[in-house]
2 protein chains.
Amino acid sequence: METALLSRKDQIDHTATVLFRARGFAATSMRELATALGIEAGSIYSHIRSKEEILHRICFRLADQFFAGFEDATQNNTLPIADSLRRAIESHVQVLTADVAASAVFLHEWRHLSEPARTEFLALREQYEAGFRQLLINGAETGTLYAPDPAFASLTLLASLNWLPTWYAPGGKLAPADIAHRLANQLLFGLEVREN
Amino acid sequence: METALLSRKDQIDHTATVLFRARGFAATSMRELATALGIEAGSIYSHIRSKEEILHRICFRLADQFFAGFEDATQNNTLPIADSLRRAIESHVQVLTADVAASAVFLHEWRHLSEPARTEFLALREQYEAGFRQLLINGAETGTLYAPDPAFASLTLLASLNWLPTWYAPGGKLAPADIAHRLANQLLFGLEVREN
DNA sequence: CCTACCGATCGGTAGG
DNA sequence: CCTACCGATCGGTAGG
């Protein structure tokens, strides 16, 4: 039904994503995947070459989406840094919520990639984090953000966002845009009341 | 050397914790564990009953430590809520940094517990999160904390803390107490500069 | 896409 | 704690 318009290969990726998220990459067998697809285990291999190839596609596709969203959010140099940061946060949340299963795999299962893919993946992730770090550095230098240790602050910031796939359920009380807005507020303004 | 004073069972737990963290529970074989311990695979079973028993011990031991730390941090009712929250945050970070490998297993590998342990574990985790949520609710009611949605805020708060085992390395530039202090500051005060 | 199968490896046990 | 082994299951392939 919901996958009727997907190619078999895309069906495999989608179903595998859900299983990898629920049970983990290593604990998901190709026979489980085949059963979920309604075919026999051997038949999968006429569409893909290996189990890891599926994981590879999921991880690097998400990396692309995070990068594209960040570029789009921060390309306007005339915006105040705090606004660019807010837009980058909201973009990150949008990617996370658009496909929570794929996001969870991206965040937790990448370590099952073998070399050299694993090292490539970590380099991409580091590059992405560096984008947030640079925003905080710029904000701190111009005095619009309080971040005495930008490297530390950017890690904490992404940490808060990346926990989202563990509890977010599509169709819940909060729409993705609401979540993005609230997260950005909490991270930018903190929990303690302001005097002014 | 470093495990010379541990019982064989404790050595098994400790070595398994490191392997479970690095490769995941499902992808770690008992033969790898045995090799790391310098014995044969079959020999492990004279000290433990099953692979899952090790995971069970790690997960529930950490749960105990988080609870004990939280109780200790918040038992003083005369403190302002914001101070209790800060103490609870610092306690959480102390437990995380005291054994990062065990913390990472606690945070990521619990889903490989079979029933009923898995449900019991999730109930404990929910109970722990409820403690933080209640602090935020109390703080919001007395006007000392800004948390229009305490459930949302407490999830975000713990999320920021729980990412720590993915990047923290003992012996680094920052001592655990420094990290705890900075995290508490960032979460309580936010990233944006204050006017006052 | 299925049937039938491969070599490897898994968690765990018996007997010493 | 080791040797020797169990039944089950793994990712993947050949041939149709």
Side-chain angles (χ1 to χ4, degrees), chain A residues 1 3-59 105 108-118, chain B residues 1 3-59 105 108-118:
Chain A
M1 293 275 283
T3 53
L5 297 177
L6 295 177
S7 69
R8 206 39 146 174
K9 188 172 177 178
D10 288 339
Q11 284 182 46
I12 291 172
D13 281 1
H14 177 258
T15 305
T17 301
V18 173
L19 290 174
F20 289 172
R21 181 213 192 169
R23 318 167 76 82
F25 175 79
T28 302
S29 74
M30 296 305 271
R31 282 157 180 83
E32 285 180 280
L33 175 56
T35 301
L37 289 162
I39 59 178
E40 294 301 317
S43 305
I44 296 177
Y45 290 90
S46 42
H47 300 96
I48 62 152
R49 273 168 303 198
S50 70
K51 184 185 178 185
E52 186 178 333
E53 187 195 281
I54 305 174
L55 179 65
H56 188 283
R57 251 197 315 276
I58 298 169
C59 289
V105 172
H108 297 298
E109 304 300 325
W110 57 265
R111 63 177 162 178
H112 296 288
L113 292 169
S114 56
E115 296 297 349
R118 183 185 157 117
Chain B
M1 294 276 282
T3 53
L5 298 176
L6 295 177
S7 68
R8 205 40 145 173
K9 187 173 177 179
D10 288 339
Q11 284 182 47
I12 291 172
D13 281 1
H14 177 258
T15 305
T17 301
V18 174
L19 290 174
F20 289 171
R21 181 212 192 171
R23 317 166 76 81
F25 176 78
T28 302
S29 74
M30 296 304 272
R31 281 158 180 83
E32 283 180 281
L33 176 55
T35 301
L37 287 162
I39 60 178
E40 295 299 318
S43 306
I44 296 178
Y45 291 91
S46 42
H47 300 96
I48 62 153
R49 274 168 302 198
S50 69
K51 185 185 179 186
E52 186 178 333
E53 187 195 281
I54 305 174
L55 179 64
H56 188 283
R57 252 199 312 277
I58 298 169
C59 288
V105 172
H108 297 298
E109 304 300 326
W110 56 265
R111 64 177 162 179
H112 295 289
L113 292 169
S114 56
E115 297 296 350
R118 183 184 157 118

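Chain naming here is simple, since letters A, B, ... match the order of the sequence lines and numbering starts at 1 in each. Computed from a prediction, not measured in an experiment: that's the story for all the values here.
- Looking only at side-chain heavy atoms (C-beta outward), Arg57(A) and Ile12(A) stay at 4.5 Å or farther from each other.
- In this structure, the side chains of Leu33(A) and Lys51(A) stay at 4.5 Å or more apart for every pair of heavy atoms.
- Put simply, the side chain of Arg118(B) gets close to the backbone of Arg111(B): a donor and an acceptor are under 3.5 Å apart.
- dA8(D) atom C1' lies 19 Å from atom CE of Met30(A), rounded to whole Å.
- Nearest approach of Gln11(B) to Leu37(B), heavy atoms of both residues: O-CD2, 3.8 Å.
- Projected onto DNA chain C by closest heavy-atom contact, Arg49(B) and Ser29(B) fall at different nucleotides, the more 5' of which corresponds to Ser29(B).
- Counting only heavy atoms from C-beta on, Ser50(A) has its side chain closest to dG12(D) among dG11(C), dG12(D), dC2(C).
- If you measure from atom NE2 of His112(B) to atom P of dC10(C), you get 16 Å, rounded to the nearest angstrom.
- Note on Ser46(A): a base of the nucleic acid sits closer than 4.0 angstrom, heavy atoms only.
- Picking from dG12(C), dG12(D), dC1(C) the nucleotide with the shortest atom distance to the side chain of Lys51(B) gives dG12(C).
- Among the nucleotides dG11(D), dC2(C), dG12(C), the one closest to any side-chain atom of Ser43(A) is dC2(C).
- Open room surrounds CZ on Arg23(B); 12 or fewer heavy atoms of other groups in view lie less than 6.0 Å from it.
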Output the pairing pattern of DNA chain D as a dot-bracket string, 5' first, Watson-Crick or G-U wobble with both distances under 3.5 Å, | for cross-strand pairs, [ ] for crossing pairs. ||||||||||||||||
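- Remark: P of dG12(D) and NE2 of His47(A) are 16 Å apart, rounded to the nearest angstrom.
- Out of dG11(C), dC2(C), dC1(D), the shortest distance to the side chain of Arg31(B) is found at dG11(C).
- Counting to the nearest Å, the P atom of dC2(C) and the CD1 atom of Ile44(A) are 10 Å from each other.
- Rounded to an integer number of Å, the gap from CD1 of Ile48(B) to C1' of dC1(D) is 14 Å.
- Between the CD1 atom of Ile12(A) and the C1' atom of dG11(D) there is a distance of 14 Å, given to the nearest Å.
- Here the options are His47(A), Glu52(A), Glu53(A), the test is side-chain hydrogen bond (donor to acceptor under 3.5 Å, both in side chains), and the partner is Arg49(A); only Glu53(A) passes.
- Checking dT13(D), dC1(C), dT3(C) against the side-chain heavy atoms of Glu40(A) singles out dT3(C) as nearest.
- Note on Tyr45(A): a side-chain N or O is less than 4.0 Å away from OP1 or OP2 of dG12(D).
- Whole-Å rounding puts the Leu33(B) CG to dG12(C) C1' distance at 14 Å.
- Projected onto DNA chain D by closest heavy-atom contact, Gly38(B) and Glu32(A) fall at different nucleotides, the more 5' of which corresponds to Gly38(B).
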For a side-chain contact (heavy atoms from CB on, under 4.5 Å) check, start with the C-alpha distance between Ile58(A) and Glu109(A), then their side-chain angles and the critical distance, and finish with the verdict. CA-CA 10 Å; Ile58(A) 298 169; Glu109(A) 304 300 325; over 6 Å; no
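- The distance from atom CD1 of Ile39(A) to atom C1' of dT3(C) is 14 Å, rounded to the nearest whole Å.
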